[in-house]
Structures are given as C-alpha cells and as structure tokens.
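First up is the structure itself, then whatever we jot down about it.
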Amino acid sequence: MDEETVKLVYFIAVTGLVTLILLSVLAAIRRALIKQGWRIAEAMSEELDAASLPAAMANPAPQATPTAADTYQLPGHLIPSASRLIGMVGLVIMAAMYVGIGYFALYAAFFSPASLAYIDDLAKYFLVGSALFAPYAFNQLSSMMK
C-alpha cells in the first residue's frame with residue numbers, strides 16, 4: 001500500500017472510533033436519563049412564582065371548577081421557557097461545530113498538518129456563537145436580582 005492509502009485507512013479507523021465513542025456516550029446518557037424519569041419538557045421549563053405575576057394572576061378569584069388554563073398559571077407550576085429553548089438550540093449547534101472541528105483536526109493531522117494552524121482563528125467564531133446563550137444568561141441574571 002502507498003502512503004496515502006495507509007493515511008486514509010488510519011483516518012477512517014480513528015474517525016470511526018471517535019464516532020463510536022461519541023454515540024456510545026450519548027446513548028449511555030440517554031439511557032440514564034430515561035431510567036431516572038427525566039423529561040426534556042420539564043428540564044426546559046421554569047417554575048412560576050407569585051412574585052413574577054401581576055397581583056390579579058397571583059391571587060385569582062376562586063372558581064368552582066378550575067380549568068387547565070388556571071392550573072397552568074398557578075405559582076409553583078412549570079411553564080415553558082423561551083430562553084432555555086434558545087440556550088438548548090445554541091448548545092446543540094455549538095456541540096455540532098466542536099465535533100465538526102474535531103473531525104477536521106483529525107483529517108488535517110493525517111493529510112494536511114499545516115492547516116491545523118487555522119483552528120486558532122475559530123475562537124472568534126465560537127465567541128460570537130456563544131451569543132445564542134445570551135437570552136438564557138439575561139433571564140438567569142434577572143431572576144438573581146429579584
């Protein structure tokens with residue numbers, strides 16, 4: 001075999017191994033979370049407290065039969081959080097980019113070591129990408145100030 005073929009075989013083997021490890025870890029995490037009864041909808045929700053509601057909503061007039069909308073707005077219940085959803089989407093995108101850059105680094109290590117110098121320039125890209133987490137960060141800071 002020539003040198004390029006050997007490099008290609010090693011690259012495919014290493015990339016396959018890294019992918020297998022990544023998928024195995026993700027599957028193990030998923031199994032552990034399912035076993036504990038973890039639900040993404042609950043994790044993406046925030047607990048509604050009376051301090052964040054207008055007075056009329058915090059102390060609703062008693063009704064004979066509460067509706068689903070009434071229980072949805074009661075303090076202590078979970079409500080969907082847009083900032084957490086945006087943060088999760090940002091996390092998935094950033095994780096995919098890190099994995100992609102990792103695969104590029106593996107490729108460059110086998111076929112073009114000189115191109116590894118360009119990875120340093122990607123720090124700015126990830127800094128700008130971290131702005132996806134800004135709504136969640138501001139939400140958490142505002143809740144700390146209350």
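For Ser112 (side chain) and Ala108 (main-chain N/O), no donor-acceptor pair under 3.5 Å exists by modelled atom type. The backbone N or O of Gln140 lies less than 3.5 Å from a partner atom in the side chain of Ser143, making a donor-acceptor pair.
Tyr10 OH: 12 or fewer foreign heavy atoms inside a 6.0 Å radius.
Between Ile40 and Met88 the shortest heavy-atom distance is CD1-SD, 3.6 Å.
At a threshold of 4.5 Å between side-chain heavy atoms, the hydrophobic network of Ile, Leu, Val, Met, Phe, Trp and Tyr places Val14 and Val99 in one connected group. Follow the hydrophobic side-chain contacts under 4.5 Å out from Leu91 and you never reach Ile86; the two are in separate clusters. Taking hydrophobic clusters as Ile, Leu, Val, Met, Phe, Trp and Tyr residues chained together by side-chain heavy-atom distances below 4.5 Å, Trp38 shares a cluster with Val25. By the rule that hydrophobic residues join a cluster once side-chain heavy atoms approach within less than 4.5 Å of another member, Leu22 and Val92 end up as members of separate clusters. Val18 and Leu20 sit in two unconnected hydrophobic clusters of ILVMFWY residues. Membership requires side-chain heavy atoms under 4.5 Å apart, directly or through other members.
Side-chain contact, Tyr107 with Ser115: no donor N or O sits under 3.5 Å from an acceptor N or O.
Here the CD1-OG1 distance, from Ile12 to Thr19, works out to 11.5 Å after rounding to the nearest 0.5 Å. Glu3 CD to Leu8 CG: the interatomic distance, rounded to the nearest 0.5 Å, is 12.5 Å.
Taking the side-chain hydrogen bond (donor to acceptor under 3.5 Å, both in side chains) definition, one finds that Thr5 meets it with Asp2, sequence neighbours left out.
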